[in-house]
Amino acid sequence: MIILGINHFFHDSSASLVIDGKLFAMLEEERFTRRKHTDEFPVRAVEGCLQLAGITFAEVDHIAVSIKPTKNWGAKLAYGLAHLPNVKPFVKHELLHAWYKQRDLKSWYMKKFGETARKPPIHFVPHHVAHAAGSFLASPYEDAAILSLDGSGEWATSFLGRGEGLDVECFQESYFPMSLGSFYEAATEFCGFKPNYDEGKTMGLAPFGDPQVYGKEVSDIAQIDADGTIRIDLSYFRYQFWGYQRCAERFHKKFGRPRLPGEPFADNHNHVAAAFQHGLEECALKLCRVLRGRTQARHLVIAGGVSLNSVMNGRILREAGFDDIYVMPAAGDNGTSIGAALFVYHTLLRLPRVAVHDDPYLGTGYTDEAIEKELRQCKLPYTRHADITSIAARLLADGNIMGWLEGRMEIGPRALGNRSILANPAFPDMKDKINAEVKHREAYRPFAPSTPVECKNLFFDIKGESPFMLKVCDVLPEMKQTIPAVTHVDGSARLHTVNQRINPLFHDLLTTFGRITGIPVLLNTSFNIQGEPIIESPIQAIRCFSSTGLDHLVMGDCLVSKRPAIPTRTAASLK
């Protein structure tokens, strides 16, 4: 049984392939088009998934699309008529944009299947069901509470429910414009970032501010009722109206002058980021308490774009009363292609669960021969090494910055050790160096640590694992000076734990680096520069390597260097 999942409606277009209950492949269209968060129909992603599986379109049994445009149609139409002419763009998306999107889907379907005798049925899965049920069905839990939060999808902005076996029950939904995602997008806009795009920058800025400065005002703006309903004071916002501005005049009167892109950060920008981050966390914790009381479940599944807020996830893990939480690596709209496919396979077709989604390496991969071909065509000198991890570990120990392309590409927005930029976290200046010379991004933004799962509690205060880099925890006080380049200003880190079974090569690199330095931790950030998607192919890696301050590039067993690998300093000399 082969299910093809598709997301193409709002943003982060993607395709997924579920074969006999196992998630075999998932590709994001942006990796091929190089247009970040694209909403183009995922033609390349679909074809790439089929190529990875070695199957043809004729072998696809079902197609699952992660949107149901007709859901809540009456509510959308009533809202649009009641707010003319100031209708929020979301209504335009649902009434007009939907027509274009359905046209794209139909055109693609007829092109691929129009002349075939066997046409796979198309299933339209509601957006939050694709988020929530899909994440639950990919999780290791047979029974769990489920929380999904995003900006909006078919009018819903949240999903509170429970998953049991093959089924999901929804207890409570909130509807646009009562949206915690839009609430946080407004703070992103105010801080001079691009909303619905740069929320991670707002999260990283928050520790530089004091959440109490505007704490009372923000807690009054966003509230949670006893049954889990979201309440937003809309007088502060304009996201519910026509146009794309999030903040209303009252927002600016209360919190001061917004930051323009490129301007320095003023105190009020830092404090707004801190207050809205804290406000989001408090609302999420209240929603979790509702779920805990309603379900008595030991585990929680978190989904939707807001679940990429790893600081929020860390607080939920510590404070919400669940034994552990599961957040899939592609928890935003990109992962809804996975969710839709799993929902059709398990819930609609009633086929049993046979696999847990603990392996994020579902993308394309390249052989050593293919990598060598690209290097020769680019006329780049390189060397091949049978023990590439030992060579790379020594270069990293000496303070070099390295691009790393190995195996199949990971899914989601986080670098998980196959498309990564790596460095030694013991150098105090390493964060600033990579931000300025490689990533070309704001100097305040932190980097994440990767460590073997068996070493996590030597450096970090966390329970359970963090395989997808979606949980923030505290660095142990005695280790903050040991790994300063991955310790944020508030003493936290967005941890990535590496399991030898799932990624043996990256695990070997970390352990080898640990034997050399005594620190089995590497700074790990996505292999890209600001504003671009993570690299997918060797040629993209070569371009990034050639245009940035990377010292070395490892692809397969090949090493490319810009200069002789002569150690010029040690971490100990900089302490």
Item to check | Short side-chain donor-acceptor distance under 3.5 Å, Glu454 and His507 | outcome: yes
Next on the checklist: Please report the interatomic distance CG(Leu317) to CZ(Phe322), rounded to the nearest 0.5 Å.
Outcome noted: 11.0 Å
Item to check | Any side-chain heavy-atom pair of Leu396 and Met402 under 4.5 Å | outcome: yes
Checklist entry - Between NZ of Lys456 and CG of Leu476, what distance do you get to the nearest 0.5 Å? => result 10.5 Å
Checklist entry - Has the side chain of Ser546 got a donor or acceptor atom that lies under 3.5 Å from a matching backbone atom of Arg543? => result no
Checklist entry - Ignoring hydrogens and geometry, is there a side-chain-to-backbone donor-acceptor pair from Arg31 to Pro533 under 3.5 Å? => result no
Next on the checklist: Among His488, Lys439, Arg494, Met430, exactly one meets side chain to side chain contact (heavy atoms under 4.5 Å, CB included) together with Phe447. Which residue is that?
Outcome noted: Lys439
Checklist entry - Taking the six-membered ring of Phe468 as reference, does the NZ or CZ atom of Arg414 fall below 6.0 Å from its centre and within a 45° cone about the axis? => result no
Checklist entry - Between Tyr239 and Phe237, what is the ring plane arrangement, given parallel below 30°, perpendicular above 60°, and tilted in between? => result tilted
Item to check | Distance-only donor-acceptor check, side chains Asn334 and His37, under 3.5 Å | outcome: no
Checklist entry - Counting N and O atoms only, with roles assigned by atom type, does the side chain of His269 sit under 3.5 Å from a partner on the main chain of Ala266, one being a donor and the other an acceptor? => result yes
Next on the checklist: To the closest 0.5 Å, what do you measure between CG (Leu523) and CD1 (Ile401)?
Outcome noted: 9.0 Å
Next on the checklist: Run Asn435 and His440 through side chain to side chain donor-acceptor pair (under 3.5 Å) and show every step you take.
Outcome noted: CA-CA 5 Å; Asn435 272 329; His440 306 307; over 6 Å; no
Item to check | Within 45° cone and under 6.0 Å: Lys253 NZ/CZ vs Tyr236 ring | outcome: no
Item to check | Derivation and outcome, salt bridge (charged side-chain N to carboxylate O under 4.0 Å, His left out), residues Glu406 and Arg419 | outcome: CA-CA 7 Å; Glu406 296 288 353; Arg419 301 291 188 277; over 6 Å; no
Next on the checklist: If you compare all heavy atoms of Gln245 against all heavy atoms of His252, which two are closest, and at what distance to 0.1 Å?
Outcome noted: NE2-CE1, 4.1 Å
Next on the checklist: Using the ring centroid of each side chain, check whether Phe265 and Tyr444 are separated by less than 6.0 Å.
Outcome noted: yes
Checklist entry - Does a side chain donor of either Glu410 or Asn418 reach within less than 3.5 Å of an acceptor in the other side chain? => result no
Checklist entry - Is the His299 ring parallel, tilted or perpendicular to the Tyr141 ring (thresholds 30°, 60°)? => result parallel
Checklist entry - Stepwise, does the salt bridge (charged side-chain N to carboxylate O under 4.0 Å, His left out) test hold for Glu185 with Arg246? => result CA-CA 7 Å; Glu185 288 171 12; Arg246 266 67 171 183; 3.1 Å; yes
Checklist entry - Do Leu234 and Pro177 have side chains that get closer than 4.5 Å, going by heavy atoms? => result yes
Checklist entry - side chain to side chain donor-acceptor pair (under 3.5 Å) between Ser13 and Asp39: does it pass, once the steps are laid out? => result CA-CA 5 Å; Ser13 295; Asp39 67 348; 5.8 Å; no
Item to check | Donor-acceptor pair between Thr512 and Arg515 side chains, under 3.5 angstrom | outcome: yes
Checklist entry - Taking His496 for the side chain and Pro452 for the main chain, is one N or O donor matched with an acceptor at less than 3.5 Å? => result no
Checklist outcome for this item: Looking only at heavy atoms, the pair that brings Asn524 and Ser420 closest together is OD1-OG, 2.7 Å
Next on the checklist: Main chain of Leu495, side chain of Ser466: is a donor-acceptor contact present, judged purely on distance under 3.5 Å?
Outcome noted: yes
Item to check | More than 12 heavy atoms from other groups under 6.0 Å of CZ on Arg394 | outcome: no
Item to check | Over all atoms of both residues, closest heavy-atom pair of Leu416 and Asn503 | outcome: O-ND2, 3.9 Å
Checklist entry - Do Thr157 and Ser179 have side-chain N/O donor and acceptor atoms under 3.5 Å apart? => result no
Checklist entry - Between Thr389 and Asp508, does any side-chain donor sit less than 3.5 Å from a side-chain acceptor? => result yes
Checklist entry - Between the main-chain N or O of Leu308 and the side-chain N or O of Asn313, is there a donor-acceptor pair closer than 3.5 Å? => result no
Item to check | Donor + acceptor pair across side chains of His128, Asp150 (<3.5 Å) | outcome: yes
Checklist outcome for this item: When every non-hydrogen atom of Ser526 is compared with those of Ile534, the smallest separation belongs to CB-CG1, 3.7 Å
Checklist entry - Parallel under 30°, tilted from 30 to 60°, perpendicular over 60°: which one fits the rings of Trp404 and Phe506? => result tilted
Item to check | From CA spacing to verdict: salt bridge (charged side-chain N to carboxylate O under 4.0 Å, His left out), Lys562, Asp551 | outcome: CA-CA 6 Å; Lys562 288 180 178 172; Asp551 299 306; over 6 Å; no
Checklist entry - What residue pairs, at least two apart or across chains, pass salt bridge (charged side-chain N to carboxylate O under 4.0 Å, His left out) with a residue in residues 193-205? => result Asp198-Lys201, Lys201-Glu442
Checklist entry - Which pair of heavy atoms, one from Ser450 and one from Leu510, lies closest together, and at what distance? => result O-CD2, 3.4 Å
Item to check | Spacing of SG belonging to Cys544 relative to CG belonging to Leu553, to within rounding of 0.5 Å | outcome: 9.0 Å
Checklist entry - With distance as the sole test, does Glu263 use its side chain to make a donor-acceptor pair with the main-chain N or O of Leu260 at under 3.5 Å? => result yes
Checklist entry - Would a distance-only check, ignoring hydrogens and angles, find a side-chain to backbone donor-acceptor pair under 3.5 Å from His131 to Ala303? => result no
Item to check | Tyr184 backbone acceptor or donor facing Thr188 side chain under 3.5 Å | outcome: yes
Item to check | Side chain proximity check, Pro329 to His357, heavy atoms < 4.5 angstrom | outcome: yes
Checklist entry - Does the gap between the ring centers of His271 and Phe255 come in under 6.0 Å? => result no
Checklist entry - Can Arg408 and Asp359 be said to form a salt bridge (charged side-chain N to carboxylate O under 4.0 Å, His left out), step by step? => result CA-CA 11 Å; Arg408 290 179 66 179; Asp359 183 347; over 6 Å; no
Checklist entry - What's the shortest heavy-atom distance between Ile462 and Cys473, and which atoms? => result CB-CB, 3.9 Å
Item to check | Point-to-point distance, once rounded to the nearest 0.5 Å, from SG of Cys191 to CG of Asn268 | outcome: 8.5 Å
Checklist entry - Is it true that the side chains of Asp12 and Asn7 contain a donor and an acceptor less than 3.5 Å apart? => result no
Checklist entry - Is it true that Lys286 and Glu281 make a salt bridge, defined as a side-chain N closer than 4.0 Å to a carboxylate O? => result no
Checklist entry - Could you state the interatomic distance from OG (Ser219) to OH (Tyr214), rounded to the nearest 0.5 Å? => result 14.5 Å
Item to check | Any side-chain donor near an acceptor of the partner, Thr364 and Glu536, under 3.5 Å | outcome: yes
Item to check | Check: Ala132 main-chain N/O paired with Ser135 side-chain donor or acceptor under 3.5 Å | outcome: no
Item to check | 4.5 Å side-chain heavy-atom contact, Ile146 and Leu160 | outcome: no
Checklist outcome for this item: Hits for salt bridge (Lys or Arg N to Asp or Glu O under 4.0 Å) against Asp324, two or more places apart or cross-chain, chain-then-number order -> Lys471
Next on the checklist: I want to check a possible cation-pi pair here: Lys36 against Tyr197, using under 6.0 Å from ring centre and within 45° of the ring axis as the test.
Outcome noted: yes
